[in-house]
Structures are given as structure tokens and as C-alpha cells.
Amino acid sequence: MCSFDSEVFAAAGQSHLLRRLDQLCGEQADRFQRDLAQLDLSCMQRLWSAEDQGEVQTAPEPPTLVELTDRAVRTEALSRGQALLAEGKVACLTVAGGQGSRLGWDGPKGTFPSGPITGDSLFAQFAGQIERETKRYGQTVPWCIMTSPLNHGSTVAFFEEHHHFGLDPSTVHFFTQGVMPSVDRESGEVLLAAADAIAFNPDGHGGTLRALSRSGLLSTLRSQGIEHLSYFQVDNPMVRALDPVFLGLHIEDSVSSGEVTSKAVAKRSADEKVGVFGVQDGQLTVLEYSDLDQEVCEATDDDGKLMFRAGNMAVHVFGLEFLDRLTNGTGLPFHRAVKKVPFFDDSTGTVQQPSAPNAVKYETFIFDALPLATRPLVVEADRAEEFAPIKNAEGSDSVQTSQLAQSARAAKWLAQSGVQFAQGAEGQPAAQLEIRSSTATCPADLALCELPEKLGAGERFLV
Ligand code: UTP
């Protein structure tokens with residue numbers, strides 16, 4: 001017997017869902033009812049009816065960036081951050097619940113082979129860093145990995161298959177984010193993924209907050225003495241998972257409240273598709289590239305540099321107390337994205353692959369936490385050292401560009417250790433290089449390794 005209130009569904013414009021339920025029986029009906037029970041119809045109605053009422057906001061201004069050019073500031077931050085790590089007060093948080101549709105990889109994105117020589121997966125590369133820092137600081141670093149209901153099982157299975165990459169399994173914490181239904185872009189009706197299933201999508205990386213709290217992980221971390229979370233995305237193998245200088249700045253009272261500190265990289269060009277940091281209505285925020293006028297993107301300062309050049313590389317440190325405060329608040333706002341979503345067509349009884357964007361997905365973004373923080377900080381990072389995301393199957397931000405950047409960084413670190421290289425036509429090292437993250441997370445770590453004096457053209461070198 002159906003326990004859903006038809007008037008509530010009708011008021012929300014979703015009566016088609018109950019009509020579908022009427023057509024199902026047995027297991028299919030049970031399955032569909034479980035999906036229906038997950039819907040928050042009043043929230044969806046609010047989101048749909050608020051659709052075209054964009055808020056008027058003031059023109060953005062560029063943010064103040066911390067540039068780490070002052071050696072003394074750097075050294076002080078380094079020792080503060082190292083002490084924090086040695087006290088075991090930091091955990092890592094990787095958001096890995098996305099669908100990775102642009103990459104088109106059959107599996108969770110973190111399982112994608114990204115090491116230039118080893119073909120190590122993204123997850124393996126992050127695990128190597130955590131292993132390295134655990135040894136260095138003599139403290140366990142809990143690793144929290146956010147999955148979605150769509151990739152949770154395969155993610156956990158991958159870790160089990162690889163014996164958690166040598167990490168103690170009790171220190172790797174998986175938690176699952178929520179989902180939102182995709183709706184038809186014209187009618188707002190919830191789409192079906194199959195005859196007996198709603199088309200759900202993960203609720204965005206902003207879903208981290210609710211998922212951390214609901215899973216009980218936030219309390220677990222607190223009970224383990226963790227005070228700060230080093231947050232990064234699953235797609236950037238060059239990220240510094242635990243950067244002591246960054247952590248040291250984050251906890252420096254005179255510049256930061258210890259609530260949130262973010263890293264920025266200079267945009268390559270005005271049209272690079274990356275969100276930028278800006279100040280709007282007096283608050284630090286991230287402006288999405290799709291929301292920025294061309295004029296704003298291209299505006300330059302007196303030195304001829306882009307005014308809005310501080311690209312968001314999605315690397316943050318969050319204070320646990322701040323996350324606690326946020327998870328007890330009203331939550332982050334939903335954004336709408338018009339996308340192609342395959343859907344079950346009732347009239348033909350088949351799943352259709354749309355050729356044009358047909359659906360609205362609702363997602364929350366973690367960077368919407370920034371305006372809610374007291375004295376958030378943005379620190380400028382060096383792209384060549386820390387940022388080479390794998391977003392696309394080819395072209396920009398693909399595995400090819402990322403592996404070239406990983407190799408180039410390896411060459412720089414090896415050259416600093418005295419290794420000489422045969423040069424390619426454009427001055428780049430002609431050897432193919434990889435430094436395992438479990439070997440070195442900074443150039444100084446190479447002092448412990450046996451290195452060749454010279455690497456000739458075409459040689460492969462893995463350390
Ligand atoms: P992206 O914005 O690159 O999205 O996510 P995506 O889903 O990985 O890829 P596309 O857009 O479908 O090609 C940035 C980071 O946020 C995580 C992703 O796993 C990635 O680490 N993410 C994104 C989540 O954890 N959950 C989400 O709901 C969305």
C-alpha cells in the first residue's frame with residue numbers, strides 16, 4: 001500500500017512519480033518507493049521556484065593574497081606547521097564522490113592511472129604522500145575519503161584490492177555524500193534513471209559538510225585530537241596533501257582565525273576555465289568562471305596582470321571547530337547546472353541519451369563556506385609545483401598534460417639534487433621521470449636517495 005501523499009507530490013509538480021509507482025509491483029515497486037522516500041519535495045520545490053531570481057550582488061574586487069616571498073615568514077610558518085603535524089592534529093580529506101564525466105573513465109576517478117612511469121592510481125599517489133609524512137612526523141594521519149552512493153562500493157573494493165596501499169586500514173575512513181534528483185530543465189519534473197529508479201546525482205563537493213557530520217566522522221576525528229583538515233580533490237596528483245608551510249600560516253593568529261585557508265594558483269590566461277577568488281559584499285568568495293563577465297576576466301591591473309588571476313585550486317585547510325559550526329547551520333546554498341542526463345522515457349520504455357543538455361542538477365560547493373568564515377586567508381602557490389589536475393580525456397587538464405607537469409617537477413627536484421639531464425629541443429629534460437610520492441614530497445627528501453649523476457636522452461628514471 002502506497003504511503004505517499006498525492007497532494008504533496010501534486011503541489012511539488014511531481015505527480016508523475018506516483019503514476020509510475022502505480023505501474024510497478026513487487027521488488028520494482030519496493031525499490032522505487034525507497035527512492036521516493038529520499039526526496040525532499042519542499043526543498044526541491046523551493047529550488048525550482050527560486051530558479052530565476054538571481055541575487056543582485058556588488059561588483060567583485062580582487063582578494064589580498066599571501067605571497068610567500070618573505071623567507072622569514074616562510075620559515076616561521078614551516079616550523080609552526082611541522083609542530084602541528086608532529087602533534088598529530090591534522091587529517092587529510094579527499095573528495096572523491098564526483099562522477100568524472102569529462103574524463104570518461106570506467107570507475108571512480110581516484111582509480112585512474114596517473115603516475116608517468118608506474119601508472120600508479122591517483123589514490124595510490126595520495127596514499128604515498130600520507131605514508132611519507134606519517135614516517136616523517138611519527139604520527140598517524142587519518143585519511144577521510146568522501147565517496148557517493150554511486151561509487152562507494154567500487155572505491156572501497158579498490159582500496160581492499162590494493163591493501164590500502166600499505167596504510168593501516170583503520171586510519172582510512174570512507175564516508176558517503178548525499179544525492180539530489182536531476183530534474184527536467186523545462187518542467188522541473190524529477191527524471192527517472194530506469195523504470196524503477198530516480199536519476200540521482202551526487203549533491204556536490206559542498207555535500208562534504210553534511211556527510212562528515214551525519215557519518216559521525218567529525219566527532220571521531222575530534223575524539224582523536226584532530227583540529228584541522230587538509231582538503232583536496234581527487235584529480236590533482238601534484239597536490240601537497242600535507243603542506244607544513246600552508247598549515248603554519250593557517251594557524252598564525254596574526255593573519256588567520258584558523259577557520260579556513262585556501263591555496264590559489266595564477267591563472268594561465270583570462271579564458272582558463274577555473275573559478276577565481278574575489279571579494280564580494282565584503283566577503284572572500286570564489287567566483288565561478290561561468291558566472292564571470294568576459295570584461296571582468298580580462299581586466300588587468302597597473303602591472304598588466306589579470307586582476308582576477310587567483311585561480312581556485314580547490315585546496316583548503318579547515319578548522320574542525322569551523323566545520324562544526326557550519327554543520328549546525330543552515331547548510332550551503334544549492335547551485336544549478338544544466339547538463340546532459342540520460343533518462344528513462346515512459347512513453348517508449350527505454351533509456352534515452354540526450355544529445356543536448358536536458359536536465360538541471362543541483363549541487364552545493366565547498367567554497368561557499370569561505371564567506372561564512374572569519375578572516376579566511378588565500379595563499380599563492382606555484383602551479384609548476386602543485387597543480388596539474390586530470391579533468392579531461394584529452395587536451396588541457398588531461399592525463400597527458402598532468403604527466404608532463406609531474407615529469408617536469410621531478411626534473412626540477414632532481415636537478416636541485418645535482419642530477420644532469422640531456423635536454424630536449426625546447427630545453428626540457430629528454431628523460432622520462434617519476435618521483436614516487438612515498439619517496440619524496442619535497443626536493444629535500446631526495447637527499448636520502450641514490451641518484452645518478454646524469455640522465456641521457458630517452459632514459460626512464462623512477463625513484
Ligand atoms: P569536478 O567539479 O571536477 O566534478 O569535481 P567531477 O564530477 O569530478 O567531474 P565532471 O565534472 O563530471 O567531469 C571536483 C572534485 O570534487 C569531487 C570530485 O570527485 C573531484 O574530486 N566531487 C564533485 C565530489 O566529491 N562530489 C560531488 O558531488 C562533486
Side-chain angles (χ1 to χ4, degrees), residues 92-112 114 121-123 125-126 143-152 154-156 158 173-182 199-212 214-215 217 229-239 241 262-263 265 272-276 286-291 311-316 318 331-342 357 359-369 387-399 401-402:
C92 286
L93 165 56
T94 307
V95 284
Q99 292 175 295
S101 41
R102 283 170 287 173
L103 184 61
W105 170 246
D106 184 18
K109 210 190 225 185
T111 67
F112 187 82
S114 49
S121 63
L122 287 156
F123 281 137
Q125 289 185 299
F126 303 136
W143 186 14
C144 310
I145 299 170
M146 186 169 81
T147 60
S148 85
L150 288 72
N151 71 8
H152 181 79
S154 43
T155 303
V156 173
F158 189 75
H173 306 275
F174 298 96
F175 66 109
T176 309
Q177 69 177 110
V179 287
M180 282 294 281
S182 302
F200 284 114
N201 60 271
D203 62 359
H205 37 62
T208 308
L209 297 182
R210 208 154 48 132
L212 266 179
R214 277 194 182 168
S215 63
L217 191 49
L229 283 183
S230 179
Y231 169 107
F232 54 92
Q233 299 192 156
V234 78
D235 51 23
N236 178 18
M238 301 232 306
V239 71
S262 306
K263 272 190 187 175
V265 278
E272 184 182 353
K273 290 184 173 176
V274 63
V276 291
V286 169
L287 308 156
E288 278 194 272
Y289 63 81
S290 50
D291 288 346
N312 172 27
M313 55 185 280
V315 174
H316 314 277
F318 291 106
L332 301 177
F334 278 97
H335 296 254
R336 69 195 298 269
V338 181
K339 296 254 169 105
K340 285 194 241 175
V341 173
V360 173
K361 284 185 175 183
Y362 293 108
E363 292 187 330
T364 54
F365 298 148
I366 193 73
F367 52 71
D368 279 328
F387 191 56
I390 300 174
K391 296 275 185 198
N392 304 309
E394 49 192 33
S396 66
D397 295 340
S398 63
V399 66
T401 57
S402 180

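The figures here come from the full heavy-atom set of this structure, side chains too, leaving out hydrogens, waters and symmetry mates. Everything numeric in this text was worked out from a predicted model, so none of it was measured. As the structure lists them, so they are numbered: ligands from 1, and atoms in each ligand from 1.
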task = Determine, using heavy atoms of Gly204 and all atoms of ligand 1, whether some pair is separated by less than 4.0 Å.
result = yes
Checking Phe232 against Thr94 for the side-chain contact (heavy atoms from CB on, under 4.5 Å) test, could you report, in this order, the C-alpha distance in whole Å, the side-chain angles of both residues, the deciding distance, and whether it holds?
CA-CA 5 Å; Phe232 54 92; Thr94 307; 3.2 Å; yes
### Query
Which word best sums up how the rings of His316 and Tyr231 line up, parallel for under 30°, tilted for 30 to 60°, or perpendicular for over 60°?
tilted
When distances are taken from atom 23 (C) of ligand 1, the protein heavy atom at minimum range is Gly98 CA, 3.6 Å
Among non-hydrogen protein atoms, atom 16 (O) of ligand 1 lies closest to His205 CD2, 3.4 Å
Presence of salt bridge, Asp203 and Arg210, under 4.0 angstrom: yes
For Val234, the ligand 1 atoms with a heavy-atom partner under 4.0 Å come out as 19 (O), 21 (O)
Of all protein heavy atoms, the one nearest atom 25 (O) of ligand 1 is Gly97 N, 2.8 Å
Worksheet item: Can a non-hydrogen atom of Gly100 be found less than 4.0 Å from any atom of ligand 1?
Response: yes
When distances are taken from atom 20 (C) of ligand 1, the protein heavy atom at minimum range is Val95 O, 3.8 Å
One finds that the ligand 1 atoms under 4.0 Å from a non-hydrogen atom of Lys391 are 1 (P), 3 (O), 14 (C)
Closest to atom 26 (N) of ligand 1 among protein heavy atoms sits Gln177 OE1, 2.7 Å
* To do: Without swapping roles, check the side chain of Gln177 against the backbone of His205 for a donor-acceptor pair under 3.5 Å.
  => no
### Aromatic plane relationship, Tyr362 with Phe334 - under 30° parallel, 30 to 60° tilted, over 60° perpendicular
perpendicular
Residue, atom and distance of the protein heavy atom nearest atom 2 (O) of ligand 1 read Arg102 NH2, 3.9 Å
Looking only at protein heavy atoms, what sits closest to atom 7 (O) of ligand 1 is Gln99 N, 2.8 Å
*Are Gln99 and Lys361 linked by a side-chain donor-acceptor pair shorter than 3.5 Å?*
yes
Near Met146 (heavy-atom distance under 4.0 Å), the atoms of ligand 1 are 25 (O)
* Asked: Taking the side chain from Asn151 and the backbone from Lys109, do they hold a donor-acceptor pair closer than 3.5 Å?
  -> no
side-chain contact (heavy atoms from CB on, under 4.5 Å) between Met146 and Phe175: does it pass, once the steps are laid out? CA-CA 5 Å; Met146 186 169 81; Phe175 66 109; 3.5 Å; yes
| request: Could you check Asn201 against Val341 for side-chain contact (heavy atoms from CB on, under 4.5 Å), going step by step and ending with a plain yes or no? | output: CA-CA 9 Å; Asn201 60 271; Val341 173; over 6 Å; no
Is any N or O atom of Ser101, backbone or side chain, closer than 3.5 Å to an N or O atom of ligand 1?
yes
